[in-house]
Number of protein chains: 2
Amino acid sequence: MVKIGDVAREAGVSIATVSRALNNHPTVNPELVDRVREAADRLGYRPNGIARNLRRQSTDVLALVISDVSNPFFTAVTRGVEDVAQRNGYSVLLCNADEQPEKEATYLRVAEQEQVAGVIISPHSAGTDVSRLVAAGIPLTVIDRPLGPVAGPREGETRPDARGAFDSVMVESVGGARLATEHLLAAGWVRPGCITGPLDAATAEQRLAGYLAALGAAPREVQPLVARGPFRQAGGRAAAAELLDAAEPADRPDALFVANAPMALGVLEAVRERGLRVGIDLGMVVFDDAPWAPFIEPAMTVIAQPAYRIGERAAELLVARIRAAAGAGPVPPTAQELLTTDLVVRASSLRA
Amino acid sequence: MVKIGDVAREAGVSIATVSRALNNHPTVNPELVDRVREAADRLGYRPNGIARNLRRQSTDVLALVISDVSNPFFTAVTRGVEDVAQRNGYSVLLCNADEQPEKEATYLRVAEQEQVAGVIISPHSAGTDVSRLVAAGIPLTVIDRPLGPVAGPREGETRPDARGAFDSVMVESVGGARLATEHLLAAGWVRPGCITGPLDAATAEQRLAGYLAALGAAPREVQPLVARGPFRQAGGRAAAAELLDAAEPADRPDALFVANAPMALGVLEAVRERGLRVGIDLGMVVFDDAPWAPFIEPAMTVIAQPAYRIGERAAELLVARIRAAAGAGPVPPTAQELLTTDLVVRASSLRA
DNA sequence: TTGAAAGCGCTAACAT
DNA sequence: ATGTTAGCGCTTTCAA
């Protein structure tokens, strides 16, 4: 490996000059800059990032910790984050926690140890522990799911200023879920059920809460019908089976509000296996749009989230905070952004 | 930030002992190990990964450079890589090159500078430059798309031993594409067209080659009908439009072989816009399965790749090579694995 | 403007 | 078995 000393010798200058020349320090003689550049090219010199990071105590890398790479929502978020990061000179390292708390914890530890410049995370649950990151002074933006109070340095102690510890970008989940359910009711379905994620996932709770709120506000009384499963295709299938196979026909839903897109595919499996027809025997609305939603039969009605925008905003807030932490900008006030969702009516929610 | 010296003081030992204790060095008194552990816990010590990497000249991190996070094929590959990596104590950093050569180059540079333990890459084109990685001795496994000869240290020079420079895990693309096209012909479609990726993408060429081979072997002569576009939904839509809108009806395909799944969604858009019905007016086969494929109407016939397995094998080969490079195992012979594809017949390819 | 040298936090070779 | 110390390759004072 060719190092800075080799370049210095080749260019006939000191290593300090090489460092300054390569980092565009203004105080160095332009002629020397050229000589150094050429020498570096000739030798194929590539600065050792690790050494640089150790010295600078910082990196040009952002970590994006998401719950599931195969969920189109998160890939859209990823795009937004990447585009903003790239414009600002950062690389994005994507960490797929895969809905597993241990995997998430591992990535958070790696992020801390490798001293990334900042972290954007969609926490598995409100209990996800980011206290070390906060303590290490690594800027953090939380997306998609809220985080509970951050633990303080001593056990059992929480930081009263936890809210100020990080920015967040969320979506109006409760409202979107309520809108979806009201839409189902308005379309003439009488017993909408709700298929949501696990108890520890905040988004699962919010979407359920919206569903319940809609039922509560309905003119006639409607019995809540709820099933849970992991936020994946298999989870949706099992949960749908649970609801659809209820012993009492009166307990079987005639419509389904599904809390995320991967689950919806599983719900569709269960529906088919039972010979049910969406739009005829069963109404359906899904929280989250997906590329395939317009192409299935009937086309899926969804609550669309501004996924790309969430990624963009999260990255913008993070970059601003990194800059501020480096003293290269004003300290922005803590942001808690709430973006809105859209009901996209296609065919699955309409009675044929 | 609490560092190793602080722990040493707290535990009343030297920093060397702390280092050894925390790294499970066998030669250290178990009683001291406990003392050190406790001291470290008490202080909330977290080793500085950067400093460690600088000293050790290595990392516990693998980089996985893929062309498109939103393609389900790559997310399945990612899962395979992650599972193997985790079992072997590595973290995976996912780098989304997004089909852009510059972005890919940036990530490769980051991987080199941050000295990741190894890289798995699905190269944008055969021209992707991995010479620096090879020169830096970073083990590399190539997946999905082949890489051309690796450039040598001097311009214009190629390394004759380039084939031995890295392992690869690919899929029988040509054969799969040929099978798909033959299936279309056998199902009674008479003018199958091919929608493939850009000229510089090797998989686009391979899939086209398979298509052409099938036409060449057909009993009656069949005119090739080919359109290209970026490997995305919008690319598929534009390419399909090109074929479907041919001035001469005789030049319009009555079936389509589509080279990847994201493109297929775009093709479906174009098909709908023209009021065509898949399975009736138009046969369709897609290279690559996708979670939504069984759920669209009619269900999509696909060439399924063992995506998860590709990721697993790539990671296994990489880990073995990293071990070997560290002297912790035998040097494996260069592997060039070729996995097989499966034709999954659903409804889209059958004449109703 | 340039160079010499200190040190980022850690591991490992060497000394005890 | 434990401690002392020399670096890993770089950036950045400090001195010239």
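So that the names make sense, note that chain A is the first sequence line, chain B the second, and so on, each numbered from 1.
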Under 4.0 Å, counting only non-hydrogen atoms across every strand here, what does [X] touch: a base, just sugar-phosphate, or nothing?
X	result
B:Thr17	sugar-phosphate
A:Asn53	nothing
B:Leu32	sugar-phosphate

Task: A:Met1 or A:Ala16, whichever maps to the more 5' nucleotide of DNA chain D - done: A:Met1
Open item on the list: By nearest heavy atom, map B:Arg55 and B:Gly12 onto DNA chain D; which one lands nearer the 5' end?
Closed with: B:Gly12
Over how many whole Å does the gap from [X] atom [atom1] to [N] atom [atom2] extend?
X	N	atom1	atom2	result
A:Asn29	C:dT2	CG	C1'	10 Å
A:Gln57	C:dG7	CD	P	14 Å
A:Asn23	D:dT11	CG	C1'	8 Å
B:Ile4	D:dG3	CD1	P	12 Å
B:Glu114	D:dG9	CD	C1'	13 Å
B:His25	D:dT2	NE2	P	12 Å
A:Gln113	C:dC10	CD	C1'	12 Å
B:Ile50	D:dG9	CD1	C1'	13 Å

Using 4.0 Å as the upper bound for N to carboxylate O, is an ion pair formed by [Y] and [X]?
X	Y	result
B:Glu99	B:Arg145	yes
B:Asp6	B:Lys3	no
A:Lys103	B:Glu82	yes

Out of [options], which nucleotide sits closest to the side chain of [X]?
X	options	value
B:Ser14	D:dC10, D:dT4, C:dG3	D:dT4
A:Asn48	D:dG9, C:dT11, C:dT2	D:dG9
B:Ala51	D:dT2, C:dG9, C:dG3	C:dG9
A:Ile15	C:dT11, C:dG9, D:dT11	D:dT11

TODO: Give a yes-or-no answer on whether the side chains of B:Thr128 and B:Glu104 include a donor-acceptor pair shorter than 3.5 Å.
DONE: yes
TODO: Using only heavy-atom distances, decide whether a donor-acceptor pair under 3.5 angstrom links the side-chain of A:Arg20 to the base of C:dG3.
DONE: yes
TODO: Measure the CG-CZ distance between A:Leu317 and A:Phe166 for me, rounded to the nearest 0.5 Å.
DONE: 13.0 Å
TODO: May I ask you to verify if any side-chain N or O of B:Ser19 is less than 4.0 angstrom from the OP1 or OP2 atom of C:dT11?
DONE: yes
